[in-house]
Amino acid sequence: MPHRSPLAPGAGTSAPPAADPSHGVAKPGVALAAVAVVACVAQFMVVLDSSIVNVALPAMKAGLGLSAPTQQWVVNGYLVAFGGLLLFAARASDLFGRRRVFQTGLVVFSAASLAGGLAQDGWMLLAARVVQGAGAAALAPSSLSLITASHTEPSERTRAMTWWGVAASSAGAAGIVVGGLLASVSWRWVMLVNVPIGAGLLVASLTCLAPTATAQRRSRIDLAGALTVTLSAATFVYGVAAAPDAGWGAARVIGSLVAGAVLLAAFVAVERRSSEPLVPLGIFSVANVRMGNVLTLCMGAVITAPLFFLSLYLQQVLGHSAVRTGLSLLPMVAVISAGVLLSQKLIPVVGARRLVVVGGVVAAVGLVWLGRLPVRSDYVAGVLLPTVVVGAGTSLTMMPAIVASTSGIDPRDAGVASGLLNMCRQLGAALGLAVLATIAAGVTSHSGSGGNAAVVDGYRVAFYALAVLALGTAALALRLRPAPDTAAAANEADTA
């Protein structure tokens with residue numbers, strides 16, 4: 001039997017999650033697969049928007065006359081709002097219902113996308129991106145908790161979570177392809193494309209998801225905890241995002257990181273004293289929840305950073321167009337998606353712990369190979385083959401980490417578990433990119449080579465650093481404990 005959070009009210013006596021309409025289960029007569037589709041498409045849209053604007057930034061700068069700082073915060077404004085509000089939104093979905101928070105996030109995200117696409121000045125676009133991030137913060141945890149709360153059969157839940165993992169893992173790279181295609185028409189479509197998708201998801205959620213019950217097991221939200229954790233995450237993400245340009249020694253960077261740490265300590269103190277905590281600290285008593293989130297933090301960097309550096313390499317060093325760059329990275333996306341599906345079948349065969357270890361080692365091999373990046377075009381040997389290896393390795397780590405991060409807890413705390421998972425993914429990506437961009441820039445500035453050769457030197461060192469992180473992830477996975485319920489679920493999915 002899975003363990004329950006010792007601090008979760010009603011642990012051990014709560015009703016099955018399907019019996020609680022506040023968990024946003026399917027309406028009578030609606031297949032659970034429909035709930036999974038809604039959740040997966042929403043997660044794909046949220047992750048897609050983290051990367052889709054990257055290739056459109058030059059067009060946005062030209063169209064709206066953006067300054068360099070404003071151009072940077074078109075991306076970082078989204079990430080700061082997203083990362084800072086994740087836990088607050090996750091707990092709100094537990095208290096007020098997944099369906100309600102999910103639909104609120106859809107409305108906010110879609111409206112902000114429309115405003116951004118119609119922006120006539122830089123500040124309007126920046127404000128729209130911040131509001132988009134707030135909507136994404138509501139969508140990301142509620143999309144996963146829709147699955148964990150409604151799919152109570154182990155095989156169904158594992159299968160749905162696998163597809164959710166595929167959606168999340170492929171969306172970041174797909175954003176480069178989609179962004180390139182849309183930017184070739186107009187940068188505004190990079191924003192406007194979310195409007196019809198969001199409207200369709202809203203209609204689908206009204207059709208498929210059961211209404212939220214008004215009775216809640218807790219009558220109020222932990223405002224002090226929400227304030228401290230949101231400010232902590234926001235200031236920390238701000239400091240990390242500003243570091244590559246301002247430098248790690250800049251006063252605003254150091255001040256932000258110190259403030260984030262102080263606020264985090266304050267959050268823990270508040271949660272220990274609260275009778276109705278935002279995050280029941282007992283959730284961390286489950287070893288695999290702790291380790292699954294650490295693995296997700298590390299893999300956030302290992303998955304995101306290669307796409308970032310390769311996008312710059314293909315466009316700025318080799319001179320490829322945005323569309324050609326996206327198409328060049330499609331094989332990696334395809335391998336990641338296929339590997340996540342395969343990992344579901346492999347968990348009961350080799351075990352989750354071994355799967356993460358093997359995946360981390362394989363990813364490290366591919367990253368070392370990328371460390372031999374050529375200055376001149378050699379797509380097959382220099383990009384295609386190593387990225388396929390990296391994609392194969394990272395894909396094997398995702399499902400075990402997702403399952404570990406959301407297993408063994410009170411079902412009514414599924415929202416906060418999902419929020420922690422998504423926060424670790426965001427912080428891992430942001431922190432990894434910031435650190436590696438600083439390393440790459442330092443190597444480039446001190447390289448004896450000139451021009452593109454110096455830039456490539458920086459990228460090579462960044463890939464070597466990522467290889468070390470991937471190996472570290474494999475070593476950490478040795479502490480992942482076997483999960484009998486997870487293995488059984490995977491076995492059932494394998495025979496279904």
Side-chain angles (χ1 to χ4, degrees), residues 47 50-51 54 79 168-170 172-173 175-176 240-241 243-244 248 293-317 325 328-329 331-333 335-336 339-340 355-375 381-398 400-401 424-444 446-447 454-477:
V47 178
S50 299
S51 62
N54 285 305
L79 293 177
S169 60
S170 61
I176 299 174
V240 170
W248 287 99
N293 278 284
V294 172
L295 294 175
T296 301
L297 184 74
C298 295
M299 294 311 298
V302 174
I303 294 168
T304 304
L307 293 170
F308 174 80
F309 287 113
L310 287 171
S311 178
L312 294 179
Y313 167 76
L314 291 170
Q315 292 186 77
Q316 297 181 2
V317 176
T325 296
S328 297
L329 297 174
M332 181 180 180
V333 179
V335 169
I336 290 175
V340 171
L355 202 57
V356 178
V357 171
V358 170
V361 172
V362 171
V365 170
L367 289 164
V368 170
W369 192 348
L370 279 174
R372 299 171 58 85
L373 205 65
V375 177
V383 177
L384 175 61
L385 296 179
T387 55
V388 167
V389 175
V390 173
T394 55
S395 68
L396 296 179
T397 67
M398 293 178 188
C424 286
R425 184 192 296 272
Q426 286 296 117
L427 290 178
L431 179 60
L433 281 176
V435 172
L436 292 166
T438 303
I439 291 174
V443 172
T444 298
H446 292 88
S447 174
V455 174
V456 173
D457 285 342
Y459 294 165
R460 288 170 178 165
V461 174
F463 286 129
Y464 287 137
L466 278 169
V468 173
L469 181 59
L471 287 176
T473 301
L476 286 172

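Both backbone and side-chain heavy atoms feed into the values below; hydrogens, waters and symmetry mates do not.
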Side chain proximity check, [X] to [Y], heavy atoms < 4.5 angstrom:
X	Y	answer
P306	L466	yes
L373	F463	yes
P331	T387	no
I303	M398	yes
L307	M332	yes
Y464	L367	no
V390	L370	yes

Kindly assign one of parallel, tilted or perpendicular to the pair Y459 and Y313, based on the angle between their ring planes and the thresholds 30° and 60°.
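Ring orientation, 0 to 90° scale: perpendicular.
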Which atom names give the shortest non-hydrogen contact between R372 and R460, and what distance separates them?
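Shortest heavy-atom separation between R372 and R460 comes out as C-NE, 4.3 Å.
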Derivation and outcome, side-chain contact (heavy atoms from CB on, under 4.5 Å), residues I336 and T394
CA-CA 7 Å; I336 290 175; T394 55; 4.1 Å; yes
Between [atom1] of [X] and [atom2] of [Y], what distance do you get to the nearest 0.5 Å?
X	Y	atom1	atom2	value
L476	M299	CG	CE	11.5 Å
T438	W248	OG1	CH2	5.5 Å
T397	L295	OG1	CG	7.5 Å

Is a donor on one side and an acceptor on the other found under 3.5 Å between the side chain of S395 and the backbone of A392?
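Answer holds: yes.
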